[in-house]
*Asks:* 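Please read through the structure below; I'll follow up with questions.
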Amino acid sequence: MIRFQQYYDQFGGLPNRFRTLPGWARFIVAIAALPGMILAGLSILAFGVSILALLLLTVPVYSALQKLTGRTTSDTGTIETSSPGSRKVEATIIE
């Protein structure tokens, strides 16, 4: 716990020390941090594109398999089957 407190004390004042730098030094630090910020933004963009590609590939397969098996999902969330030779049975539950 003492080491954690030492590290916290050492790096806790980092924002204050950054503000005390002259303007030209802060500009150089910002230029040095620019490639990392660009890479972080590009990785977030790549994640979004990969999720979109996943959806574009799986949704048509899912809908085709749903039509092939004859199962459709109603608005209430229940699965209705329409297999050949089957009939619909209605039931009333009395408590």
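Quantities reported herein were computed from a predicted structural model and do not represent experimental measurements.
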*Asks:* Given a cutoff of under 4.5 Å between side-chain heavy atoms of I, L, V, M, F, W and Y, with clusters grown through shared members, what are the other residues clustered with L65?
*Replies:*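 Besides L65, the cluster holds V61, L68.
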*Asks:* Kindly work out whether a path of hydrophobic side-chain contacts (I/L/V/M/F/W/Y, heavy atoms less than 4.5 Å apart) joins I31 to L21.
*Replies:*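 No, it is not one cluster - the side chains of I31 and L21 are not joined through contacts under 4.5 Å.
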*Asks:* Please report the shortest heavy-atom distance between L56 and P60, naming the atom on each side.
*Replies:*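 So the minimum-distance heavy-atom pair works out to O-CD, 3.2 Å.
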*Asks:* Checking I28 now: which residues fulfil side-chain contact (heavy atoms from CB on, under 4.5 Å) with it, not counting sequence neighbours?
*Replies:*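 Testing I28 for side-chain contact (heavy atoms from CB on, under 4.5 Å), a comparison that skips the adjacent residues, returns W24.
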*Asks:* For a quick test of reading the model, state the closest non-hydrogen atom pair linking P35 to A32 and the distance between them.
*Replies:*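 Looking at all heavy atoms of both residues, the closest pair is CD-O, 3.4 Å.
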*Asks:* To the nearest 0.5 angstrom, please state how far the OG atom of S43 sits from the CD1 atom of I38.
*Replies:*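 Spacing of OG (S43) from CD1 (I38) equals 12.0 Å.
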